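Being a predicted model, the structure only gives us computed values, none of them experimental. In what follows, every chain begins at residue 1, and chains take the letters A, B, ... in the order their sequences are listed.
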Amino acid sequence: MAKASILKGISNAPQPHRRHSSHGTPRQKRTPKRDHAWMDGSDDDDLEVKRSKKHASTPSKSSHNSDQPRKKPRLSAPAGKSSASSSKDPSLQKQRKELPIYTGKDAIVNIIRENDVTVLIGETGSGKTTQVPQYLLEAGLAGSGMIAVTQPRKVAATSLAARVAAEQGTSVGALVGYSVRFDEASSPETRIKYVTDGMLVRELLGDPLLSRYSVIIVDEAHERTLRTDLLIANLKTIQKARNAPTDAKGKGAAKLTPLKVVIMSATLEAEKFSKFYNNAPDSAKIVQPDYVDAALRTFFQIHTDRPQGDVLIFLPGQEDIESLEKSIQLYANQLPVDVPGVLICPMYAALPPSQQSKIFSPTPSGMRKCILATNIAETSITIPGIKYVIDTGKCKEKRYVARHAGSGYDTLLTRDITQSSAVQRAGRAGREGSGYCFRLYTEESFRKMPITAEPEIRRCTLTSSLLQLKCLGQDLEELDFMDKPDESTVASALKTLFLLGALDNRKALTPLGRQMAAFPLEPPLARALVASTEMGCTAEVLTIISVLSASSHLFVDTHDARDAAADARRKFRHLSGDHLTVLNVVRAYEEVAASESKAGRRDWCRKMFLNERCLSEAMNIRAQLRDVCARMDVDWKASAGDNEVPILKALVRGLVENTAFLQADGSYKQVMGSSIVKIHPSSSLADKKVPAIIFDELVYTTSVYARGVSAVPRSYIAEVPVFQARVG
DNA sequence: GAGCACTGC
C-alpha cells in the first residue's frame, strides 16, 4: 500500500485583510493579525515545515546530459544545478528565497522522498507550484524521469513554465517545458513539464502507466475538476503497478521506476470565514423572499445614506438583471435634485463587448455607478472602484439530470451560492480601500450554504470519461474515486455509449469505441465523425462538429439590434436547420478569410453578428481533428458537396439519443426517453413543424428545450440499427 | 419566445 503524508501550513506572509461587514449594518473593523487557521484546527502543523533547518542543501547531481534543445536553442543550465547557482538571475534567486515556502524546503523534499503520496496544503502565492518541482529536481527525486505538474487551465500551465524556466536560467522548452492542447514546448532535455490535467488524462490512453514520469504533481486539486478527479483515481492504480513490493524485482514490474505523487491544494481560507463572522451584526435577520426587490431597496439605502463609491450587485442571470435595471431607473428618475444621479451598467457574458466596456470607464463626477452582474464579476473580471457589494446569494447552475437510466438533460436553475462564493463576492468590495458587503440573507442561511461547490464528477455527464476509462481497461464503477459518481449518471453514460456502438451489450469496448476515443470530441460528435467516413462527407461533418465543440456560441446575441441580427442570420440559413446553417457560415467565413486581412475578417463577423472567437477556435479544432484523421488513415477531404443527405445521416448516427418526432398535437416527443421537448427559440427551426428533428442538446430552463436543431426525414432515424433492434 | 460562469482534449 502506498504511504501517504499530509503537509499543511505553507502559509503566505501575513498581510492585512480587507475590511468587510455583512448583513445590512456595515461597520468597519480591522481584522486581527493571524497567520493561519485550518478547518481541522490543527494550527501547529505548519511548524513541521517551518521548524526544519535549512541545512546546506545537497542537490544530488542528476547525471543528465544537457544537449541543446531542438525547439528553442538557447543557453540552458544543466539539470541538477543548485538553485543558488550564480549563473541564474540573482534577483530571481533572491525572490525565490523570500517565498513563504522556502523555509520548508528541506522538510518538503524529505517527506516526499519518504512517501509515495504527499498532500501539500498551501495558500495561493506560497510558491508551491513553482518551487516544489524545482526542489524535487534539485534533490534528484526525479531520477531519470520527468516531473509533471498538472494545471486545470492552459494559461496557467504555459505561464508557470515560462516563470520556472526563467528561474532556472533557461528558455521554455528546454529544462522546463509545457504541454497543452494546440501547443507544446518541450525537448528530450525537459525534466519539469507543466501540463493541463486533460492533457495527462489523454496521455494515459497511449501510456497507461505514465512511464515517462517519476513524479506527478497534481496542483489546484481543491478545484476538483472532472479531469483532476479522474487523474487522481488513476494515479492510485498506476502506483499499485509501478510501486509494487520489491519481491517483484527482476520480473516485469521491476523495469518500471516507482512513481511519486504530490497533491497540492489551497486551503479553504478558513480564517477568512471566521473573521468575516466576528463582525456579524445582530440586525437584518429577516429572510428576504424576493432578492430582486431586496436588492432594489438596499441599493437606494446605500445611495441616499452612504458616501460616494460604486455599487456592485450580484444577481443570478440576465432576466433578473434586466428587471432590476428597469426598477432602479424608474426610482432614480424621481430622486430629489440634491441626490447624485445613478449610472446603471448591466454585465453578463452574453452582453456584446461594446456594452460591457462601459463598466470600466470612470464614473462621471456627481454620479454613482451601479453595476448589475452575474457571477462573471466574481472571478473572471475585476471592476475597479467598487465600494459596496450587494449579494443576493443566488446564482444559476448547470447540472446534468439523468433519468430512467438514460436520456437525461442539462438544467439551468437558480440556487443558493456556496460559502466560498459568498466570500469571493464580498471581496470584490474595497479592493482599493475600505469596502462593504451587504448580504441579502441571514447568517444562518450562510451557515447552511455548502462550503464549496460540489465536485464536477457529481454534476456532469460522464460519457466521455467512461469511454476513456474503457480504453484503459477500467470502469467508472470499479475505480476508486474520492467522490463516487452518481449511479444514474453512470448508467446513463453506459447507455449512451452502447447506443453509439462504442460498447457492446456486455459493456465491453468495441473497435468503434476505440476509434471514437481517438478524437478529442464528445462521444456523440465522435460517432458522427466516424459515420461520415462511411458516407463520404467527412469534410462537411468535420467542419460542423468543430464549431459545435468550440467553447463559445457562433451567433452573437444582441438585444438592441435583434432585427439586424436576424436579417444577417437569414443569409446563411439552410432549410434543413441549424447544422447546415453552421456549415454555410463557415464556408462564407473561409471565403472572407482567404481574401481579407485580420481586421477585415473581424469587421465581417461584426456585421454578420457572428462570434469570431468561436470561428477561429473551430478552425483550430478542425485542424487538430484532420491530423487525427490522417494518423488513422481517414480521408478528411471526402466531400458530399451540396448534398445534405449524407451529412444529416452521419449526424443522426451521433445524435441517436437526441431525436424527436412530431406528435399529432403539434408537440415534439423524444424518441428515447419520451419527454415532450420544444425547439429552442434561438433555432432557425423555432415555430416550424417538421416530422422529425435531431438536436445537439436538451436544456431544461423554463421548459425542456432542444438546442441546435435540424429537420430530418423520419426514415433516417428509423434506419439506425439501434432503433431497428428496438422495433424488432 | 429565450441565453449563470468557466475550463479541458
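- R622(A) has no carboxylate O lying under 4.0 Å from a charged side-chain N of E617(A), or vice versa, which leaves the two without a salt bridge.
- Of all nucleotides listed (dC4(B), dG3(B), dT7(B)), dT7(B) comes nearest to the side chain of S551(A).
- Taking the six-membered ring where tryptophan is involved, the planes of F446(A) and Y441(A) are essentially parallel, since the angle between them stays under 30° and well short of 60°.
- Proximity of T702(A) to the phosphate of dG1(B): no side-chain N or O atom is located under 4.0 Å from OP1 or OP2.
- Checked by atom type and distance alone, the side chain of R459(A) pairs as donor or acceptor with a backbone atom of E454(A) at under 3.5 Å.
- One finds a salt bridge joining R212(A) and E203(A) here, because a Lys/Arg side-chain nitrogen approaches an Asp/Glu carboxylate oxygen to under 4.0 Å.
- Within residues 192-204 of chain A, the residues approaching DNA chain B are T196(A), G198(A), M199(A), R202(A), by heavy-atom distance under 4.0 Å.
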K154(A) vs D183(A), test: salt bridge (Lys or Arg N to Asp or Glu O under 4.0 Å). Steps then yes/no. CA-CA 9 Å; K154(A) 293 203 282 191; D183(A) 197 9; over 6 Å; no

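- In this structure, I376(A) reaches the sugar-phosphate backbone alone: every heavy-atom distance under 4.0 Å involves primed, P, OP1 or OP2 atoms, never a base.
- Picking from dA2(B), dA5(B), dG3(B) the nucleotide with the shortest atom distance to the side chain of S682(A) gives dA2(B).
- A salt bridge between D416(A) and K394(A) is present, with a side-chain N of the basic residue lying under 4.0 Å from a carboxylate O of the acidic one.
- The side chain of K154(A) sits closest to dC9(B) out of dC9(B), dA2(B), dA5(B).
- Within the 4.0 angstrom heavy-atom criterion, no nucleotide atom of any strand lies near S549(A).
- Note on Y348(A): every side-chain N or O is 4.0 Å or more away from OP1 and OP2 of dG3(B).
- Looking at heavy-atom distances under 4.0 Å, R227(A) makes contact with a base.
- A sub-4.0 Å separation between OP1 or OP2 of dA5(B) and a side-chain N or O of T374(A) is present.
- When heavy atoms are screened at a 4.0 angstrom cut-off, T701(A) is found touching the sugar-phosphate backbone but no base atom.
- Salt bridge D696(A)/R707(A): absent, no basic N to carboxylate O contact under 4.0 Å.
- At a threshold of 4.0 angstrom between heavy atoms, the contacts of V180(A) are confined to the sugar-phosphate backbone, with no base atom among them.
- Contacts between residues 519-528 of chain A and DNA chain B, defined by a heavy-atom separation under 4.0 Å, are made by P520(A), L521(A), E522(A).
- Note: CD1 (I417(A)) to P (dA5(B)) measures 16 Å, nearest angstrom.
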